[in-house]
Amino acid sequence: MYNIGRSMIRKDAIEKVTGTAKYTADLITADSLHAKLVTSPFAHALVKKIDISAASRITGVQAILTGKEAHTLTGEQIKDRPILAVDRVRYNGEPVAVVIADTLAIAKRAADLIKVSYTPLPVVHSPSQAYQEDAPLVHENLGQYEKIADVYPIPGTNICNVTKIRKGNMEQGWNASAVTAETKISFPPSDHCAIETRSVSAEVLPDGHIIIYSSSQVPFTIKKLFNNIFGIDQGRMTVHTPLVGGAYGGKSAVQLEFIAYLASRAVGGQKVQLTNSREEDFITSPVHIGLDAWVKLGADKNGILQAAEMIFLFDGGAYSDKAVDMSRAAATNCTGPYHIDNVRCDSLCLYTNHPYATSFRGFSHPELTLAIERTLEVLAEKLAMDPVELRGKNAIRPGNTSPTQVVLNESKIGNTRKCIERVAELIDWDEGDRIEVSPHVIRAKGISCFWKNSNIDTNAGSGAILTFNADGTVNLNCGVIEIGTGSRSVLAQIAAERLKIDAQQVFIKMDIDTSVTPEHWKTVASRGLWMAGRAVLAACDDAVCQLKDTASQALRVPREDLDISGGYVFVKNEPKRRLAFKELAYGYVYPNGNAVGGQVIGRGYYTLTGMTFLDPETGKGVPGPDWTVGAQAVEVEWNACDFTYRILRAATVIDAGTIINPELARGQVRGGMHMGLSFASREGFVFDKNGVVLNNQFRTYKVLRYGENPHYTVDFVVTPSRETAYGLRGIGEHAVIGMPAALANSLSRAAGVPLNQLPLTPELIWRAKSGDQV
Amino acid sequence: MSMKYNRIPVTLKVNRQTKNADIRTADTLLDVLRENFGLTGSKPGCLNGDCGSCTVLIDGCPMKSCIMLGLEAAGREIVTVEGLRGSPVQRAFIENNAFQCGYCTPGFIMNIEGLIRKHPDADDAVIEEWLQSNICRCTSYQEIKAAVYAVLGKETREDHK
């Protein structure tokens, strides 16, 4: 093996440091018109009147659309969201109109002149409020919406999905519990904050072919949704996705594409460009989900977990989008990576009048993990047991069952316990988890564990095509989007390994064209290398067969007697009898000119196997192929005078299976940790009493900046998967998951008060210390 | 109602080339670079100076091109990321895995180009003050720090690499 385990430079490196890398909004052409949205200043209101007269009189305005022309309902799970608001707005920032004009400046000027009259309605401010029987209804017609089968909304309420986990016998579990602990946690919606705001262009060619460019994680889904919603033949549509400037789940929602398409249609098919302003990207497009949760855990006197019960109330916001799936995913892994025989979980997705939620890195796991891990801390205290020991004792392992009753083996579950042991070493847990450096300065540590499976469509899959060049080099074509993870470069490494050539000889372009690129379901759920890796192996094997077929004719030996190495096909028994790939890649030519074979074109695909829908009453089922597990720790230095703190260091040990590219893997893990700490320490929307978002810019919504980060340490445990290419595991999301909990645990220990809300600001700690309810 | 925008001719010196454009007085330097000259390496991220992804050098100093008018840049020496070719900062970014999606990268690189010109002996505090004007959402900043240190010839912690 000479391509696996090597930190090769990613293939998009030079274009990214030279400014030649092209993202969606960089591809604007001179024939483009520009669209600008008009959005709702209210969180919940009736739209009484939209006056576009002044705006339409502006020279250069080509069309204006409102909900009257764009009322079609969309939504991947539940079709509850009109393309533009009709009669009613349900969140601050919701699009109510779009202006299409010659220039962006004209479009903006006209958008400012559109007068919309609203009648405010009562606002649903939180999932807990939404859950109350007397709460105002966000969707009065919930029962009439079209939906897919495995989503369970309750018409007449704000509940847009219910997932139940019923495992074991709760009575037995509580009876066996000598100690119980309960915790409530809560945090508001927040944002992904990709530095590239979402951007699309749409064009309808004279023959009806639709061309979309989108900064998206899901170009193939865009095609399917256009087919489903507008009845467009999938062959009559091409979605291009160039490099994506950060996504983190936020670009797995389809929203602006619909608006841009209708905008283009309104101007005779001309190309229309629609790019979010930062303010729109914060609230108009979907956000990171909020959660109110309650957890109760029970353990026997030795600290062995016996029972777990939890209620998750997810803040899906005004429309369901992917939030309903996220609430289901949370239920499937509701315990965290711990073995518990008796589990009862109700995970609900609630409509509120907040900006609507979509996938966020970790897909509801950073959220549920805060609830579980905070409760474990309380339990450890009550048991007077070391928190590391408690976690180690209960860490899930082969032979145990998951909350959805999947029987685990080593390949499926990896080694959580080893991760816990190693992370405790890295953070020097034994030196003490709370040290008073001076009367007012306290250093404290916190730990947490994580696990995550994929929870994607049961038949999700991926395809790959390899075409050989005449010189024996290879072009790899597959549908994983380059959102920053480097997956496409690593897939080239995997192909090179299988073909036994150098990775420099495998070429891969970074842009996707859905008309010619084999589908990768969605670039989400840490399934890029997982699924596409398998597809690439299959394509390589197919190509090698073709090379050997041609070589067996030229060398006059059976195919079985041939092998490959270093760019040659050789006779196993006489390695000197060999032909270079370049002599075979376009067919072999005999000395007299005769030719056999032809261009080598390998194809491969992979579809997840053995996935099932969940039983609606018990949750029993298979939500994904395997879990990536790990343990994380944080050390903080907290100032008891002013309640401020610094995060000194953070460590993650992740069972990543075989590491294909160590440096890229470490980068993914560090980046995930950093995003988790930024989220936990300072991010979250602030709403006024009318549900209006007060912080929709980086100067008011503050993310971690250079130097505010701690030192990050990453280490790996290697339990190879038996299903993936070379034993790799998904790692894109996982390092986010335990960070909020680890930070909350460390600060709670430092301040000596339970901290169960996010973001963990000094003010929050001060309020908790002074007994003020937040 | 008609909208009249005054367009005026301007001559800008960008990446050692002299370029002419007719621009609106309200056009930012970022608009002019991207729309008039096709220099899309400078990225819009916030359009109010918060994120730094549009940073360019003006007479050797980093400037967020979204909060400078195109007109103001006349007569100044403008360098965008496209004006760099194989600079030590670019190499250090590659060698230290200091980017993922790459969107904020040109802004960071231009800011660091300015930093090393002005403060070749920058200490941690100076580096931090300068680099806090940019946001990266993919990396942990540890990689960017390693890149800056490499360029300035400083040591970084190398544990568990």
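Below, chain A is the first sequence line, B the second, and so on; all start at residue 1.
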Student: Using 0.5 Å steps for rounding, measure from the CZ atom of R85(B) to the OG1 atom of T18(A).
Tutor: 6.5 Å

Student: Report which part of Y248(A) has an atom under 4.5 Å of a heavy atom belonging to chain B: side chain, backbone, both, or neither.
Tutor: side chain

Student: Tabulate, in ascending numerical order, the residues of residues 50-69 of chain B having at least one heavy atom closer than 4.5 Å to a heavy atom of chain A, or enter 'none'.
Tutor: D50(B), C51(B), S53(B)

Student: If you take all heavy atoms of E128(B) and Y706(A), which pair is closest and at what distance?
Tutor: CG-O, 3.6 Å

Student: Check whether K43(B) reaches the backbone of E196(A) with its side chain - one donor and one acceptor, N or O, closer than 3.5 Å.
Tutor: no

Student: Using the salt bridge (Lys or Arg N to Asp or Glu O under 4.0 Å) rule, collect all pairs that involve residues 89-116 of chain B, keeping only residues at least two apart or in two chains.
Tutor: E113(B)-R117(B)

Student: Can you tell me how far CD1 of I195(A) sits from SG of C46(B), rounded to the nearest 0.5 angstrom?
Tutor: 8.5 Å

Student: Shorter than 4.5 Å, heavy atoms on both sides: which option in R361(A), Q668(A), E15(A), M673(A) has the most such pairs with chain B?
Tutor: Q668(A)

Student: Kindly say whether Y712(A) contributes a backbone atom to a donor-acceptor pair with the side chain of Q142(B) at under 3.5 angstrom?
Tutor: yes

Student: Is K16(A) reaching over with its side chain to a backbone N or O of Q100(B), donor-acceptor style, under 3.5 angstrom?
Tutor: yes

Student: For A633(A), give me all partners under side chain to side chain contact (heavy atoms under 4.5 Å, CB included), at least two apart in sequence or on another chain.
Tutor: V423(A), I427(A)

Student: Restricting to ring pair (Phe, Tyr, Trp, His ring centres under 6.0 Å), what partner residues turn up for Y103(B), sequence neighbours left out?
Tutor: Y23(A)

Student: Hey, what do you get for CZ (R670(A)) to OG1 (T139(B)), rounding to the nearest 0.5 Å?
Tutor: 9.0 Å

Student: Go through the atoms of E279(A) and report whether side chain, backbone, both or neither lie under 4.5 Å from a heavy atom of chain B.
Tutor: side chain

Student: Quick check on L243(A) against chain B: is it the side chain, the backbone, both or neither that has a heavy atom closer than 4.5 Å?
Tutor: neither

Student: Heavy-atom distance under 4.5 Å to chain B: side chain of I28(A), backbone, both or neither?
Tutor: neither

Student: Between atom CG of L704(A) and atom CD1 of I135(B), what is the distance when rounded to the nearest 0.5 Å?
Tutor: 10.5 Å

Student: Return the NE2 to CZ distance between H192(A) and R137(B), rounded to the nearest 0.5 Å.
Tutor: 9.5 Å

Student: Rounded to the nearest 0.5 Å, how far does CD of E143(B) lie from CZ of R666(A)?
Tutor: 10.5 Å

